Every structure is written in structure tokens, then in C-alpha cells.
Amino acid sequence: MTTLLVIAKEPRAGRVKTRLTPPFTPDQAAALAEASLADTLHTVAAAPATRRVLVLDGAPGPWLPSGFDVVPQCAGGLDERLAAAFAACAGPALLIGMDTPQVTPALLDVRLAPGEAVLGPAPDGGFWALGLASPAPAALLHGVPMSTATTGAVLRARLLAAGLRVRDLPPLRDVDTAADAHAVAGEAPRSRFAARLASCAPAVPA
């Protein structure tokens with residue numbers, strides 16, 4: 001089976017989801033981040049896995065369900081932090097972030113064959129999931145530009161250049177903006193995230 005990794009920030013006002021402000025206040029943005037993280041972690045808890053790891057910038061809170069190992073993020077850019085998260089795994093690993101509360105256990109039930117990688121593309125050009133059968137994370141991730149419209153394409157090219165077979169997961173929209181938030185809540189109307197969004201502010205157009 002696969003180790004499931006979630007890389008996340010502690011949901012504190014002013015530190016997370018800053019692109020949601022405005023229209024949301026920093027406290028509302030943090031509340032939305034907490035709901036998104038809680039949804040993600042409970043989904044991971046329900047998915048089959050050898051081990052579940054939260055790679056956290058900050059301290060755990062009441063949003064953390066049981067069954068997770070919590071390890072701190074290393075210093076450096078996101079590419080270095082992702083590489084370090086994979087490097088701490090023995091065997092196949094699938095990593096996701098805290099920004100896709102609509103993810104389901106079925107999407108995370110990934111079997112990785114030797115020489116294979118899986119990539120979950122995002123509509124903004126990034127990616128929501130990365131799975132590696134036999135991680136060589138420094139060579140694959142160091143230097144990949146993060147949070148750009150070409151991040152996913154650059155990463156895919158890096159994986160292919162390393163001789164890996166790349167299998168795609170379904171695309172998922174991650175929550176960066178208010179429009180993203182409302183679109184994602186519409187995809188997961190029974191989620192903690194959707195309930196928290198409904199309590200924050202009136203809907204904005206996508």
C-alpha cells in the first residue's frame with residue numbers, strides 16, 4: 001500500500017489563504033483554511049494507506065483526527081519542502097495539499113507500480129497530487145517553479161525525463177480565490193468547507 005502525505009500550514013489568520021482577503025477577512029480566510037484542512041485530513045483517514053503523515057508548518061490543533069504522524073516541514077522553498085516530505089518515506093507515497101476539500105477516498109486509493117508516477121493536475125496549471133513509486137525527490141522536484149501556470153507541465157516533463165511512466169488522476173480545482181472557494185463548495189456541498197463558506201459571506205460570482 002501507499003503512504004499518504006498531506007502538506008499543510010497551521011490555519012492561523014494572516015498566514016493562510018491570503019488571496020481570499022478580500023473579500024473575506026483574515027479570520028474568515030483562516031476559518032475556511034481550517035475547514036478545508038479538516039475535510040482533507042478526514043478523507044485521508046478514510047482512504048487505504050500504509051501510513052498517514054501530516055507535514056505541517058505550525059502546530060496541530062483540534063482539526064487533526066487520530067491516526068496521523070505529524071512531522072515539521074523543513075526550511076526552504078516549496079520544491080525543497082515537497083522533496084523532503086517524500087524523502088522521509090519508505091516505498092510508494094502520494095502527496096496532496098490542504099486546498100482540495102472535495103477530494104474523496106476513492107481518488108486517493110492509488111496503487112503505484114515500480115517506475116510509475118501519478119499526477120493530479122489543477123486547472124490553474126499546478127497540481128493537487130503527486131505520487132511516486134520509488135521517490136528520488138531531490139532530482140525530481142528541486143528547481144521546479146511552484147505556484148505558476150507552468151508548474152504542472154514542468155513537473156510532468158521532469159518525471160518523464162527521469163524515465164517514469166506518468167499516470168493522471170482526475171483534475172481538481174484548489175482553493176486560492178473567492179471564486180475557487182464557491183466553485184469547490186458547490187462540488188462538495190456537504191463538506192465542512194461548504195458549511196463554513198456559507199457562514200462567512202454571501203456568494204460571489206465565479
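All values reported here derive from a predicted model rather than from experimental measurement.
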Given side chains that start at C-beta, do those of [X] and [Y] come closer than 4.5 Å, heavy atoms only?
| X | Y | value |
| --- | --- | --- |
| F86 | L130 | yes |
| L155 | L141 | yes |
| L107 | L169 | no |
| T148 | V154 | no |
| L64 | L41 | yes |
| D180 | D124 | no |
| D176 | K17 | yes |
| L132 | L159 | yes |

Work out which heavy atom in [X] is nearest to a heavy atom in [Y]; give both atom names and the distance.
| X | Y | answer |
| --- | --- | --- |
| P145 | T151 | O-OG1, 2.6 Å |
| F24 | A178 | CE1-CB, 3.9 Å |
| H42 | P65 | NE2-CB, 4.0 Å |
| D27 | A13 | OD1-CB, 3.2 Å |
| A113 | R165 | CB-NH2, 4.0 Å |
| A59 | E10 | N-OE1, 2.9 Å |

Seminar exercise, completed: Residues at least two apart in sequence or cross-chain that pass side-chain hydrogen bond (donor to acceptor under 3.5 Å, both in side chains) with R19, listed by chain then number, are none

For this session: Taking side-chain hydrogen bond (donor to acceptor under 3.5 Å, both in side chains) as the test, write out the residues that go with D168, two or more places apart.
Result: R156

Would you say [X]'s side chain and [Y]'s backbone share a donor-acceptor pair under 3.5 angstrom?
| X | Y | value |
| --- | --- | --- |
| T150 | A153 | no |
| Q102 | E187 | no |
| Q73 | A8 | yes |
| T21 | P26 | no |
| R173 | A183 | no |

Working to the nearest 0.5 Å, report the span between [atom1] of [X] and [atom2] of [Y].
| X | Y | atom1 | atom2 | result |
| --- | --- | --- | --- | --- |
| L4 | T40 | CG | OG1 | 12.0 Å |
| L94 | T3 | CG | OG1 | 10.0 Å |
| R111 | R167 | CZ | CZ | 10.0 Å |
| D174 | M98 | CG | CE | 11.5 Å |
| L82 | L5 | CG | CG | 9.5 Å |
| E34 | K9 | CD | NZ | 16.0 Å |

Exercise. Only one of V175, L172, D39 clears side chain to side chain contact (heavy atoms under 4.5 Å, CB included) with V184; which?
Worked result: V175

Exercise. Knowing that exactly one of I96, L95, L119 qualifies, which makes a side chain to side chain contact (heavy atoms under 4.5 Å, CB included) with W128?
Worked result: I96

For this session: Flag the pair D57 and R81 as a salt bridge only when some basic side-chain nitrogen lies within less than 4.0 angstrom of an acidic carboxylate oxygen.
Result: no

Exercise. How would you list, by chain and number, every residue that makes a salt bridge (charged side-chain N to carboxylate O under 4.0 Å, His left out) with D69, sequence neighbours excluded?
Worked result: R51

Problem set entry | V6 reachable from V16 in the ILVMFWY side-chain graph, under 4.5 Å edges | no

